Amino acid sequence: MSHLRSLDWRRGAIALAAAGLATSCTWEPRRGEPAEEKELVVTIEPRIPLLATYPCSSCHATRTPQPERHPLKEFHAVRTFDFSHGDDTFWCYQCHSIRNLDQLVTATGALVSFDEAQKLCTSCHGDKLDDWKRGMHGLIVGEWNGPRTKLSCPACHNPHHPRYPTIEPEKMPETIKPMTPFGAK
Amino acid sequence: MVSYLQYWLRMVRCALSGGRAYYTWMATLLVFIALGGWFWAHDLTHGLGGTNMSDHVSWGIGIANFVYFVGVAAGAAVLVVPAYAFHREDIKEIVLLGELLAVVAVTMCLLFITTDLGRPERMWHLFPIIGFLNVPSSLLGWDVLVFMGYLAMNLHIPGYLLWSRYKGKKPTPLAYLPFVFLSMFWAVSIHTVTAFLLSGLGSRPFWNTPILAPRFLISAGASAPALLIFLFTAIKKYGGLPVKDSVFDYFSKVLRVTMPINLFLLGCEVFQEFYTGALHSASAHYLYFGLHGKGMLSVFIWTAILFNITATAIFLVPKLRTQRWLMFVGCGLAVVGIWIEKGMGLIFPGFIPSPLGEVVEYAPNVGEIIVCLGVVALGAFVYTAMAKITIAIQRGTLRQHPEPEAQAPEAPAPAAPATEPTEA
Amino acid sequence: MSQRPVTCQKTDCTAPSCAPDCAPSAPASGLVQLRRDGGTSRRSLLQAAAGTVAAAVAAPACNTPEFEAYFQKHYKKLTDEDKVKVFARLEERTRQKTGVRVRIGDPPPIEGVHFAYALNLSHCNGNRRCAEACARENNLPDEPEMRYIRVLELDNGSQHLERGTVYYDRDKVPAPGKFYLPVQCHQCDNAPCVKACPTGATWKENDGIVVVDYDWCIGCRYCQAACPYHARRFNWVEPKIEPSRINPHQAYLSNRIRQVGVVEKCTFCLQRTRRGMYPACYEVCPTGARKFGDLSDPESEVRQIVENKRVWILKEDIGTEPRFFYFYG
């Protein structure tokens, strides 16, 4: 454990005498700590706790589903202007199950929970699934060698207009101080 | 031991005595030294933020001067080689003054580096054993080594010869000749290592060229003789040392060879930079023509080229170089031209644009220039004193046992208000 | 899209004796801190040892802090006992200068780990959160401003760095037709800066991080000239940092308060990453463009990227072998 490198001195002196000019040119590398055995737990961030109006059935129990495209009213009115995902044929029930509004439905017709939105998204965007699974796409928080949480698609991409938005950047770096004949200050 | 102390005391007394002109000259230098010291003290207490350097152009006029004076130090070989290898008697008479110039130039180089450090008080970290000198990997580490070696050799040789002459003994060849021949090669090494310091950096394409070391050596072979012509003219005039005309002819001959080669190498560089047209020539574009609307340095490099071409013409055309005043003009142009070529023409543009493509310009400010002037003044001060002592010992006026016929010291006039390349 | 602020939930204070207010004058806690990753049995042993050391430290009172600072040895020649003294002195200096009680640790590299970074240029939108979070985490001065990360805005279809700029001032990013290239220290395996340093004040650690001993650097700036990524910064003046913005969780080789006249650089936040955390720039990035991990772990994200994506490195022709990969994905 000791970082004492007293031997180095002597070795340096010998090298100096031998070479006439050089001293020992490298130190021994610092010994690392043995890696701690950490159990790798990768969890996927649950989505449902973030949804303010979940379950959907609390309202939709009293409303009849309308399978064809029409201007939305009430709570969802904003979607009429806001929706930009896929082409004209896209409609709520492309992704939300018409039979059970508390569930999502994939392209193949399987029902998935809101907590597993990635299964729905990647039923079309399959190329992203592999990247996401390997951690090459998407946000991961936690520890790089310990428990970490993968964020699912809707954490970054609003499913109704999935293009990542433009955001305000942090301030511009200071430009280089101008040269002055007498120097700064 | 006692006689050695006495020797030192006599040397100091010799350096302290002189005529009015001598005192005026030394006092002027002292003023510059004090000014430089004062400005450096400001840097020491406030950091280098007072300079115009930045993270983009992190080396400035200090390093530029360093590179130039390495050339001057190496240029002493121009005297040592003919004196000892070819036994030219006329040059042997003055070779000690050349070696002392090397001592002064190396000292100035070390001072240019020291004043440029962020933490000069930590210089001891560089010393082997108590600190750590990162050789063989760091070229700056090598530079420290070769400089110390060159300094030691050039202190030992004239020191030993002068001491012998003072004692009236014949010097033992074995005590100094091996070092003389070693120093010839060592002179090449100091400038080569300094060139490698720059050309070894892959991050700076402008420097990263194998031609840099030859260029440095040749330009040293041009700037040093040009400077020496001024120096020995001054020594002849004020120092009372009879320097033979054949010496000046020899310098002029050296310049006739080195100046055209220097231009040729510069031309090779320019061709490679501009014909290829690769992105790596951005620095050259900036230097010669400006880049993205910034081109502060182009006026300097074109001036340098003009100076060097004119000087070369003067030295090559017999009708011109035989005119004494024209030869002086040629020397002046060569000194200034090469100084610009190494500073504004090499060190500064190496940093522009930055590795990430930013064009941040640099010009030294008054503080930086005064610090450099202080270093140059210190060099001139030390050299004047050493030259005065050397001449006194060589002429026999400073001896341990003055011979009866030797006249009393006749208060030799100052050696050399030599033109130092201090243009700002 | 919620922006995740960098939180230092994992701090140094796992050692039992480490009350937050005992920092400046407690070599004992300092030594325990050194071996923070060690087992508990060893910890108690070391505490006993530290007591002895503390007594030894107190004895020669003639040594002033200035004297000790000036003759401080190179980091690699410091013994554990030396480190306790040095860190305590540095903590005390920061306290006197800024009034902030900080803790300086020295997390060692983790055996077998080789850190690497990967950056997805398709995702980076040039928001500069990374540069600012880095500044806060690593105690970078605001006066004059210093940033380790430079984000270049480039035109689509060209990587001509000169045509890009870091000085883009926009309301929203990304701007149409532009892409963004953040550059920071690449922790090169063949690091030109390490080769250049004349005093050995900068070196590459076993986990691949290039560090600087700020107390050994003489400020010659040769490393700055040698770095092809413009990753090194010099303290041209005494760095000023508002006391309220000082991050007290510091490490000797990374984010402790620097001095005038020395060079510094990005260390992949080793004060965080050697304790398992992600770097600050990674944590703050809202786009998921930044990927960090252990290159020798086949399951790690960076390794997956290097193996499965077409990664490239900046200025490959110079042969620096960076640990920083760019990719589009």
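Remember, it's a predicted structure, so these values are computed and weren't measured experimentally. No hydrogens, no waters, no symmetry mates; every other heavy atom, side chains included, goes into these values. Naming: A, B, ... by sequence-line order, numbering from 1 per chain.
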Per-residue contact mode, Cys220(C) against chain B (heavy atom under 4.5 angstrom): both
Non-hydrogen atoms of chain C under 4.5 Å away: do they reach the side chain of Leu291(B), the backbone, both or neither? side chain
For Arg232(C) and Thr202(C), test the side chains for any donor-to-acceptor distance below 3.5 angstrom and give the result as yes or no. yes
Proximal component of Leu152(C), with respect to chain B [non-hydrogen, under 4.5 Å]: side chain
Could you label the plane-to-plane angle of the Phe274(B) and Tyr288(B) rings as parallel, tilted or perpendicular, counting under 30° as parallel and over 60° as perpendicular? perpendicular
Against chain B, label Tyr229(C) side chain, backbone, both or neither, depending on which of its atoms sit under 4.5 Å from a heavy atom there. backbone
Could you tell me which portion of Val183(C) (side chain, backbone, both or neither) has an atom closer than 4.5 angstrom to a non-hydrogen atom of chain B? side chain
Does any backbone or side-chain atom of Ala226(C) lie under 4.5 Å from a heavy atom of chain B? Answer side chain, backbone, both or neither. both
So, the part of His125(B) with a heavy atom under 4.5 Å from chain C: the answer is both
Of the listed residues (His292(B), Glu358(B), Met123(B)), which shares the most heavy-atom pairs with chain C below a 4.5 Å separation? Glu358(B)
Val166(C) versus chain B, the contacting section by heavy-atom distance below 4.5 Å: side chain
Largest heavy-atom contact set with chain B, pairs under 4.5 Å, which of Pro144(C), Pro192(C), Gly261(C): Gly261(C)
Measure up the Phe268(C) and Tyr117(C) rings against each other and bin them: parallel (under 30°), tilted (30 to 60°), perpendicular (over 60°). tilted
Side chain, backbone, both or neither: which part of Tyr167(C) has a heavy atom under 4.5 Å from chain B? side chain
Toward chain B, the part of Asp215(C) with a non-hydrogen atom under 4.5 Å: both
For Trp207(B) and Trp59(B), take the angle between the two ring planes, folded into 0 to 90°, and tell me which bin it lands in: parallel under 30, tilted 30 to 60, perpendicular over 60. parallel
Please state whether the side chain, the backbone, both or neither of Gln159(C) comes within less than 4.5 Å of a heavy atom of chain B. neither
